[in-house]
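Every value quoted in this text rests on a predicted model; they were computed, and no experiment measured them. All values below were derived from every heavy atom in this structure, side-chain atoms included, with hydrogens, water molecules and symmetry-related copies excluded.
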Amino acid sequence: MLIDCQGLSRSFDQRVAVDSLSFTLGAGQVLALLGPNGAGKTTTMRMLCGLLAPSSGSARICGHPLATDERENDQIRAHCGIVPEAAGFYERLSARDNLRFFGGLQGLSRSEVDARSTRALARFGLSERSGDRTGTFSKGMKQRLSLARALLHEPRLLFLDEPTAGLDPQATADLHRLVRELKAAGTGVVLSTHSLEEAEELADEVLVMSTKVLFQGRPADLAADSAAEVEIRLASALNTPLTLPGSIKAIAADDSHLRFGVTDPARDIPLLVRLLVAAGADILHVGEHKRGLRERYLQLLGKQ
């Protein structure tokens, strides 16, 4: 198990940033953290990679207990790669010299750093710019260099904080392909993102949070954890009032166009059709509309 997190919380003065977070993450799994700005996603990632002490709770990361003393978390950080939202490079240094510096902090020898840097720069399409100052790089290039830096020491666990923010579609597709490759190789990935499509495409599990956990499960379960809607078109307007069971709710009616919310489509749709026919309706069309990931996500935040 790469992450075993139990009741992890963090407060800043009187403000609770993360409230009783619990989850596990195995090798080769991707967890997406979803939530609005200020939801506690970055704070969660900083705690899990040993950069910020929790106020309460516990966690084991790559087999090592999360400690309150940063120096005791060196073993955790040795197994983690981090791609922060802000790259944080020394912009007067070249791409290669930045990798040499950060590789040295990971305890790699100069020969190891140089060999791995050459491979990483080639992998991320930066070989021709390896001698250029990082300050001359575009956002996309800095993001690729940040990935190269995070993977230089071959971590077991990778943290990605808004990794595709501001990237063009090609750079985004390249990063998604990298995440899939890392997953196939057994690397665990914790991904903080505002993109529901990204979470749905990459994650084995999503965790929707706004300080506390609002939902935890598979992306498909998040979308499915919501009532379906049924649209029905009639040949003419229905003049007879319907008596509906509690599992069916009338949402909208516009002459011959009706919309209902149903709890269990397999049970409620046939029942609804029978009720309409009994009321004298001439049904032209019945269509089920399952609420998508975005609708359910917004619904969760609205309830919170």
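Residue Gln143 holds its CD atom at 9.5 Å from OG1 of Thr172, rounded to the nearest 0.5 Å. Going from atom CG of Leu175 over to atom CG of Leu178 covers 6.0 Å, rounded to the nearest 0.5 Å. Taking CZ from Phe137 and CD from Glu91, the interatomic distance works out to 10.0 Å, rounded to the nearest 0.5 Å. Summarising the geometry, atom CZ belonging to Arg149 is positioned 8.5 Å from atom CG belonging to Leu99; distances are rounded to the nearest 0.5 Å. Here CG of Leu158 is found 7.0 Å from CG of Leu147. Values are rounded to the nearest 0.5 Å.
In this structure, the side chain of Glu112 engages the main chain of Ser109 through a donor-acceptor pair within 3.5 Å. Side-chain N or O atoms of Asp168 include one that pairs as donor or acceptor with a backbone N or O of Ala171 at under 3.5 Å. Within the 3.5 Å criterion, the main-chain N or O of Gly40 finds a donor-acceptor partner in the side chain of Thr44. Using modelled atom types, no side-chain atom of Arg233 and backbone atom of Ser256 make a donor-acceptor pair closer than 3.5 Å.
Between Phe101 and Tyr90, the ring planes lie perpendicular to each other; the angle is over 60°, past the 30° to 60° tilted range.
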Name the atoms and distances for all side-chain donor-acceptor pairs under 3.5 Å in residues 2-12, with sequence neighbours left out.
{"unit_1": "Asp4", "atom_1": "OD1", "unit_2": "Gln6", "atom_2": "NE2", "d": "2.8"}
{"unit_1": "Ser9", "atom_1": "OG", "unit_2": "Ser20", "atom_2": "N", "d": "2.7"}
{"unit_1": "Arg10", "atom_1": "NH1", "unit_2": "Ala53", "atom_2": "O", "d": "2.5"}

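Residues Glu162 and Thr193 bring no donor and acceptor atom of their side chains to less than 3.5 Å of each other. A donor and an acceptor atom, one from each side chain of Asn37 and His194, are located under 3.5 Å apart. The closest side-chain donor-acceptor pair between Asp268 and Ser247 falls under 3.5 angstrom. A side-chain N or O of Thr136 and one of Arg129 form a donor-acceptor pair less than 3.5 Å apart.
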Problem set entry | side chain to side chain contact (heavy atoms under 4.5 Å, CB included) evaluation trace for Met1 with Thr24 | CA-CA 7 Å; Met1 190 66 63; Thr24 59; 3.7 Å; yes

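Cation-pi geometry between Arg144 and Phe124 is not met: the NZ or CZ atom fails to fall both under 6.0 Å from the ring centre and inside 45° of the normal.
Counting heavy-atom neighbours within 6.0 Å of Glu128 CD, excluding the residue itself, gives a total of 12 or less.
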